Amino acid sequence: MAVHVREHRLRWPVSPQLKELLAGHRVHQVGRRAKYVLLEFGHGTLAIHLGMSGSLRLSTCQSAPGKHDHVDLVLEEGTVLRYNDPRRFGAFLWLSGNHPDPFVKNLLDHQGVEPLGPILTGDWLWERTRARQMAVKQMLLAGKEVAGVGNIYASECLFRAGIHPLRPCARISRQRYGSLVHSIREVLSEAIVQGGSTLRDFVDSAGRAGYFQNAHRVYGREGQPCLRCGAPIRMIRQGQRSTWYCARCQR
DNA sequence: AGAATAACCTGCGTGC
DNA sequence: TGCACGCAGGTTATTC
């Protein structure tokens, strides 16, 4: 793999050694942990985060890089995986196989459990939140317990589970955590099948927009009728982020 | 220790 | 048309 870094200033500076570290090496396996894409090489792992506005698209070497095309991963003759990120909230982090960078290692170790994995159950989440006064929506968004539930999906999951976003974690029953976990799995699975939610410019590796935004039941629907009961959907601010919910269906 | 707030960026829509 | 402002898919660092 050949690497071209045109802009090092991402969320953290891209390692100046990245080009040398990957030159001539092959990707053994592609994985993921939380929202980090993991490209595993024999001698270490490249962890890529797309931030809020990043995308990885397959392109041809001949195509000229455009605005905000910060990194090229040249895969083979004629093919390049190109990273574009207007806001530069994304990251390219090198995790060495022999001497793991403690910063990167901690970063991945401190992520919540996989939302579609076997550890997450209603009972598990109930036990983890007995002493937490934080609002359930902010707990989901923080990602310390469950990874991968972003701002769109936190609102959607809570609506489907019938849980009010402001409800303190410690005041949700074991049974209702069961509903929440079921909703998390359902919402994320559906969104994946539908290619994600394109609000503005989100695209997959082939440049295709997602269409889960058409399945949003509360996100972005302030003032519009609840699809279940007809009451107007409300929007509130929680920690600098917007939350949408139905005051009648969610308690 | 848990929780709230600030910070990192660019682009776009809105209102004056 | 221009400009100031607020907001946007995320997550860590800092402060309280």
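So that the names make sense, note that chain A is the first sequence line, chain B the second, and so on, each numbered from 1. These numbers come from a predicted model, not from an experiment.
- For the pair A/Asn214/A/Gln194, no side-chain contact is recorded, criterion being any heavy-atom separation below 4.5 Å from C-beta on.
- Nucleic acid contact for A/Tyr219: sugar-phosphate only, since backbone atoms but no base atoms lie under 4.0 Å from a heavy atom of the residue.
- Counting to the nearest Å, the P atom of C/dC7 and the CE atom of A/Met52 are 13 Å from each other.
- If you check every strand for non-hydrogen atoms under 4.0 Å, A/Arg9 touches nothing.
- Remark: A/His49 is in phosphate contact with C/dT11, judged by side-chain N or O atoms under 4.0 Å from OP1 or OP2.
- Residue A/Arg241 places at least one side-chain N or O under 4.0 Å from the OP1 or OP2 atom of C/dG10.
- An OP1 or OP2 oxygen of B/dG11 is reached within less than 4.0 angstrom by a side-chain nitrogen or oxygen of A/Lys67.
- The side chain of A/His68 places an N or O atom within less than 4.0 Å of a non-bridging phosphate oxygen (OP1 or OP2) of B/dG11.
- Picking from B/dA6, C/dA8, C/dT11 the nucleotide with the shortest atom distance to the side chain of A/Arg11 gives C/dT11.
- Counting to the nearest Å, the C1' atom of C/dA8 and the CG atom of A/Asp201 are 10 Å from each other.
- For A/Lys144 and C/dT12, the shortest distance from a side-chain N or O to OP1 or OP2 is below 4.0 Å.
- Residue-level contact check: A/Gln213 touches neither bases nor backbone, having no heavy atom under 4.0 Å from any strand.
- Counting only heavy atoms from C-beta on, A/Pro86 has its side chain closest to B/dT10 among B/dT10, C/dG10, C/dA8.
- Taking only side-chain atoms of A/Met134, from C-beta outward, the nucleotide of C/dG10, C/dT12, B/dA4 with the closest atom is B/dA4.
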May I have the step-by-step check of side-chain hydrogen bond (donor to acceptor under 3.5 Å, both in side chains) for A/Ser242 and A/Arg237, ending in yes or no? CA-CA 5 Å; A/Ser242 297; A/Arg237 296 290 288 181; 2.7 Å; yes
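- Regarding A/Phe89, its CZ atom lies at a distance of 11 Å from the P atom of C/dG10, rounded to whole Å.
- When atom types are taken as modelled, the side chain of A/Ser63 and the backbone of A/Ser59 share no donor-acceptor pair closer than 3.5 angstrom.
- Rounded to an integer number of Å, the gap from A/Asp85 CG to C/dA8 P is 18 Å.
- Nucleic acid contact class of A/Gly239 (heavy atoms, under 4.0 Å, all strands): none.
- The shortest distance between side-chain heavy atoms of A/Trp12 and A/Leu107 falls below 4.5 Å.
- Considering only side-chain atoms of A/Ser242, the nucleotide from C/dA8, B/dG11, C/dG10 that sits closest is C/dA8.
- The shortest side-chain heavy-atom distance between A/Ile48 and A/Leu39 falls under the 4.5 Å cut-off.
- Rounding to whole angstrom units, CD of residue A/Glu145 and P of B/dG2 are separated by 10 Å.
- Spacing between atom NE2 of A/His70 and atom C1' of B/dC9 amounts to 9 Å, rounded to whole angstrom units.
- OP1 or OP2 of B/dC8 has not a single side-chain nitrogen or oxygen of A/Arg88 nearer than 4.0 Å.
- In this structure, CH2 of A/Trp12 is placed 13 Å from C1' of B/dA7, rounded to the nearest angstrom.
- Between the P atoms of B/dA6 and C/dG6, the separation comes to 14 Å (whole Å).
- When all heavy atoms of A/Arg33 and A/Leu108 are compared, the pair lying nearest together is NE-O, 3.9 Å.
- Here A/Gln133 does not reach the OP1 or OP2 of B/dA1: none of its side-chain N or O atoms lies under 4.0 Å away.
- Ring geometry, A/His216 versus A/Tyr153: the interplanar angle exceeds 60°, so the pair is classed perpendicular (tilted spans 30 to 60°).
- One finds no side-chain N or O of A/Arg87 lying less than 4.0 angstrom from the OP1 or OP2 phosphate oxygen of B/dA7.
- Of all nucleotides listed (C/dG10, B/dG11, B/dA4), B/dA4 comes nearest to the side chain of A/Gln138.
- Stem regions annotated for DNA chain B: B:2-8 with C:10-16, B:10-16 with C:2-8, counting only runs of 3 or more consecutive pairs of Watson-Crick or G-U type with both contacts under 3.5 Å.
- Side-chain contact between A/Leu180 and A/Leu125 is present, with at least one heavy-atom pair separated by less than 4.5 Å.
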Going through the checks in order, is the salt bridge (charged side-chain N to carboxylate O under 4.0 Å, His left out) test met by A/Glu186 and A/Arg160? CA-CA 9 Å; A/Glu186 192 177 72; A/Arg160 293 197 189 190; 3.1 Å; yes
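- In this structure, A/His110 atom NE2 and C/dG10 atom P are separated by 21 Å, rounded to whole Å.
- Listed pair A/Ser53 / B/dC9 fails the phosphate criterion, with no side-chain N or O lying under 4.0 Å from OP1 or OP2.
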